[in-house]
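Starting off with a structure, shown below.
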Amino acid sequence: MFATLILDHRLAFLFLAALSLGTAVPLALGWARVLPEEPSPFGNAEDSFRRTRNSLPAAALTSKRRDPFAIVLLLGITVSYACQLPGVPHGMGFNAIPTVIPHSTGGWIEFAVIWFLVLVPGFASAYSLLRPSFLRVPLIAAGLLILLLWLLAAPLRAALEAVA
């Protein structure tokens, strides 16, 4: 591969680590927006009184536009990211397929799953660009970074393993 000839193994490790950890940040921000916020456990009475007096009514809080399809896309790109973590076996679920099914079918299933995991981040980014929701920025950033991770992970790992 071209990356093994040009890229030093330390630089490949730095790029792979930065890409893996940088992708986790928008995913964490997206899941933080999805999960409800908890009240502080030890707030004093005056601070909590001021907060309840200045807060919006419950109907206004529940009417915030929450797109369930954006949450499903966030789940999909999280699974796609988890499949790219180092040490995750890629053939984990395909060894359990019974031997009755021909190997060509298992190959097609594996091919379809891999392409699904590659296309979900791109679709999530495009969906968020076209339709604004409360997860717009995390879905765009995470989708693009996961696409880069799918594209660059194999050459970077090859350069990392080419240490002689």
First locate atom OH of Tyr81, then atom CH2 of Trp150, and finally report the distance between them rounded to the nearest 0.5 Å. 13.0 Å
Give the minimum heavy-atom separation between Ser125 and Gly143, together with the two atoms involved.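 Looks like OG-CA, 3.3 Å.
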For the student: nearest non-hydrogen atoms of Ala159 and Ala12, plus distance: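 Heavy-atom minimum between the residues: CB-CB, 3.8 Å.
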Side-chain donor/acceptor of Ser80 to backbone N/O of Gly76, under 3.5 Å: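 No: the side chain of Ser80 does not pair with the backbone of Gly76.
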Can you confirm whether more than 12 heavy atoms, excluding those of Phe116, are under 6.0 Å from its CZ atom?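 It does not: Phe116 CZ has 12 such atoms or fewer within range.
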Once you round to the nearest 0.5 Å, how far does CD1 of Ile146 lie from CG of Leu151?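 Here the interatomic distance stands at 13.5 Å.
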CG/Leu14 to CG/Leu160 distance, rounded to the nearest 0.5 angstrom?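 The CG atom of Leu160 is 11.0 Å from CG of Leu14, to the nearest 0.5 Å.
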Measuring from Ile77:CD1 to Leu117:CG, what's the distance to the nearest 0.5 Å?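 Going from the CD1 atom of Ile77 to the CG atom of Leu117 covers 12.0 Å.
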Are Leu149 and Leu85 in one and the same hydrophobic cluster, where Ile, Leu, Val, Met, Phe, Trp and Tyr link if side-chain heavy atoms are under 4.5 Å apart? yes
For Phe123 and Leu119: C-alpha separation, side-chain torsions, deciding distance, then whether side chain to side chain contact (heavy atoms under 4.5 Å, CB included) applies. CA-CA 6 Å; Phe123 181 73; Leu119 292 178; 5.8 Å; no
Under 4.5 Å between side-chain heavy atoms, counting indirect links through other Ile/Leu/Val/Met/Phe/Trp/Tyr residues: same cluster for Ile71 and Leu27 or not?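 In one cluster: yes.
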If I take atom OH from residue Tyr127 and atom OG from residue Ser133, how far apart are they, to the nearest 0.5 angstrom?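 So the OH of Tyr127 and the OG of Ser133 are separated by 6.5 Å.
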Taking the side chain as every heavy atom from C-beta outward, state whether Leu156 and Phe13 have any pair of such atoms under 4.5 Å apart. no
Of all pairs that satisfy side-chain hydrogen bond (donor to acceptor under 3.5 Å, both in side chains), the ones with a partner from residues 15-31, not counting sequence neighbours: Trp31-Thr78
In terms of heavy-atom contacts, Leu135 and Leu74 come closest through CD1-CD2, 4.1 Å
Shared hydrophobic cluster for Val113 and Trp115 (ILVMFWY, side-chain gaps under 4.5 Å): yes
Does one hydrophobic cluster hold both Leu129 and Leu29, with members joined at side-chain heavy-atom distances below 4.5 Å? no
What's the separation between atom CG in Leu11 and atom CZ in Phe15, rounded to the nearest 0.5 Å? 4.0 Å
Indicate the atoms forming the closest heavy-atom contact of Gly22 with Pro26, along with that distance.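 Scanning both residues completely, I find the closest heavy atoms to be O-CD, 3.1 Å.
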Would Val34 and Phe134 count as a side chain to side chain contact (heavy atoms under 4.5 Å, CB included) here? Give the steps. CA-CA 9 Å; Val34 169; Phe134 71 106; 4.0 Å; yes
Run the side chain to side chain contact (heavy atoms under 4.5 Å, CB included) test against Ser128 and tell me which residues pass, sequence neighbours left out.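 For Ser128 the side chain to side chain contact (heavy atoms under 4.5 Å, CB included) partners, ignoring immediate neighbours, are Arg136, Leu139, Ile140.
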Check for me, please, whether Leu145 and Leu75 land in the same ILVMFWY cluster - side-chain distances under 4.5 Å, paths through other members count.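 Yes, it is one cluster - the side chains of Leu145 and Leu75 are joined through contacts under 4.5 Å.
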CA sep, side-chain torsions, deciding dist, call: Arg157, Leu16, side chain to side chain contact (heavy atoms under 4.5 Å, CB included): CA-CA 8 Å; Arg157 286 187 186 135; Leu16 189 61; 3.8 Å; yes
